[in-house]
Amino acid sequence: AQSVTQLGSHVSVSEGALVLLRCNYSSSVPPYLFWYVQYPNQGLQLLLKYTSAATLVKGINGFEAEFKKSETSFHLTKPSAHMSDAAEYFCAVSYQAGTALIFGKGTTLSVSS
Amino acid sequence: KAGVTQTPRYLIKTRGQQVTLSCSPISGHRSVSWYQQTPGQGLQFLFEYFSETQRNKGNFPGRFSGRQFSNSRSEMNVSTLELGDSALYLCASSKGTGAGYGYTFGSGTRLTVV
């Protein structure tokens, strides 16, 4: 079965530090990959998506992710964390054959001053 | 432009009752998907509708059902509610069917079953 693994359910960084949230997928075919952010009591907001164009994808709020087929990874990064980045982040995958998104378990990002 | 609108935002129901949740997609979007979010199971796909037809269904019991109207608005219904149905129900709309179009999510309906 297809799956998405987010390494680390909780990541803590200091304001201004690098943010790295890890995501690995299981797939034998090229997937569509997404990163979403969820603030408390809110829905999901799309940060960025990979749809087989450029392997380095730039998203909103300074986030970017790199698709690495050899590592089946799609890690999310941001050079400098801001307090407002504190939220839960979800990696999701979808495939050509179906349309449903398969989500990882999520990573809660905490940012301290 | 208006985003995905889900109503109501919060709902409290009693075990055994049924509930209907509503989702209005972004104007021009014809696909609506529903997801259940719980602390234990995370985000799980319920079903997807496109042009009033169910295109895909997740692994949920038959108590969970949905429909889509000609204006693309969608409703989901849960009958004979169980405590485990307490969750945030998220609706996502898309221009077409297929992940390449991308999905825009609503703010969700928080259902509490007591």
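We name chains A, B, ... by the order of the sequence lines, and we start the count at 1 in each one.
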Contacting moiety of [X], where chain A heavy atoms sit under 4.5 Å:
{"X": "B:L43", "result": "both"}
{"X": "B:L46", "result": "neither"}
{"X": "B:Q6", "result": "neither"}

Interface check, chain B: of A:L44, A:V93, A:T51, most non-hydrogen pairs under 4.5 Å belong to A:L44

For this session: Indicate the ring-plane relationship of A:Y36 and A:F103, choosing parallel, tilted or perpendicular according to the 30° and 60° boundaries.
Result: tilted

Taking the side chain as every heavy atom from C-beta outward, state whether A:H10 and A:S12 have any atom pair closer than 4.5 Å.
-> yes

Between B:F45 and B:F47, does the ring centroid distance fall short of 6.0 Å?
no

d(A:L47 CG, A:Q45 CD) to nearest 0.5 Å is 6.5 Å

